[in-house]
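Lettering follows sequence order; numbering is per chain, from 1.
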Amino acid sequence: MCGRFSMAIDSDDLQTALALGQMPDDWKRRYNIAPSQPVAAVRDPETKRVEWLQWGLVPFWAKDPAIGSRLINARSESVFEKPSFKYAFRKRRCLILADGFYEWQKTSGKGSRPFYFSMRSGEPFAFAGLWEFWQPKDQPGEALTTCTIITTAANESVAPVHERMPVILRKETMWDWLNESGETALLSMLQPIPADWLRAWEVSRAVNDVRQDGPECAEPVSNSPA
DNA sequence: CCAGACGTTGTT
DNA sequence: GTCTGG
DNA sequence: CCAGACGTTGTT
DNA sequence: GTCTGG
């Protein structure tokens, strides 16, 4: 699954690395992005403009936007058929920008151990995402633009920690996620990234607390890789 | 037909 | 909006 | 994902 | 135990 991630590089560096368009003017390095918070995303492959979307998909038909807190991920295996995701999968795909993500390993005792995963190259990347626009019947001011991250089976790097991982799109193919329209082609992109593209290490439980958002969240707790 | 749900993860 | 269960 | 709340009545 | 908010 993917319930926390980081986007800790500068706006200019990100823009250059992924050849993005206009960046938000209120950029901030983030080491601990949690559901319900703004995430940097691209919806338009022409402008490649980066904008903030709220993490946690609220389908356009939702009566209660609180449903978003449970729709932070969408399974790649069923995203084309689930009522909550099927419309967005056809019409509203997005790239969610990141430079690392966290997974928690269940322990036999209490608590769990967080691990940090990033590209071996150190480069930023894009998760395959979906977005929705929602507004209540009576109060147009309360409109939300929300998103969710698609997950897939864990590769060999992530599997020791957790069974699921986010779909990471490579630089070379990320724009296809927005440009393609055929279901088969789209679904074929939702594969686990090769294991050796990732690096991993255990981090402190500081990341558990959403108020902690500094570099310490992503720093190795020891020098032992996962 | 209407009413009610619509999700993932993990755990049992 | 659409699907499932009753 | 984790952490923290989870309720009503009545009073301030 | 489950739901909501961050």
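Proximity of A:Trp104 to A:Arg4: side-chain heavy atoms (C-beta onward) are separated by under 4.5 Å at one or more points. Within the 4.5 Å cutoff, the side chain of A:Leu18 has no heavy atoms near those of the A:Trp175 side chain.
For the P atoms, the distance linking B:dT9 with D:dC2 amounts to 13 Å, nearest Å. Taking the P atoms as reference points, B:dT8 lies 15 Å from E:dC3, given to the whole Å. Straight-line distance between the P atoms of B:dT11 and D:dC1: roughly 9 Å, to the nearest whole Å.
Salt-bridge formation is not detected for the pair A:Arg120/A:Asp196: no Lys NZ or Arg NE/NH1/NH2 atom is positioned less than 4.0 Å from an Asp or Glu carboxylate oxygen. A:Glu163 and A:Arg75 are not joined by a salt bridge, as no carboxylate oxygen comes within less than 4.0 angstrom of a charged side-chain nitrogen.
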Practice prompt. Any chance you could list the contact pattern along nucleotides 1-7 of chain D? Use B for base contacts, S for sugar-phosphate-only contacts and - for none, protein heavy atoms under 4.0 Å, 5' to 3'.
Written response: BSS----

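Within 6.0 Å of CD on A:Glu216 lie more than 12 heavy atoms contributed by other residues, nucleotides or ligands.
When atom types are taken as modelled, the side chain of A:Asp99 and the backbone of A:Ala8 share a donor-acceptor pair closer than 3.5 angstrom.
Judged by Watson-Crick or G-U wobble contacts below 3.5 Å, the nucleotide B:dA5 has C:dT2 as its partner.
Contact annotation for A:Phe85: backbone-only contact, meaning every heavy-atom pair under 4.0 Å involves sugar-phosphate atoms and none involves a base.
First and last contacts of DNA chain C with chain A, using any nucleotide atom under 4.0 Å from a protein heavy atom and ordered 5' to 3', fall at C:dG1 to C:dC3.
Applying the 4.0 Å criterion to OP1 and OP2 of B:dT9, one finds that A:Arg164 has a side-chain N or O inside that range.
A donor-acceptor pair shorter than 3.5 Å cannot be found between the side chains of A:Asn155 and A:Trp197.
Below 30°, between 30° and 60°, or above 60°: for A:Phe127 and A:Phe125 the angle between ring planes is above 60°, a perpendicular geometry.
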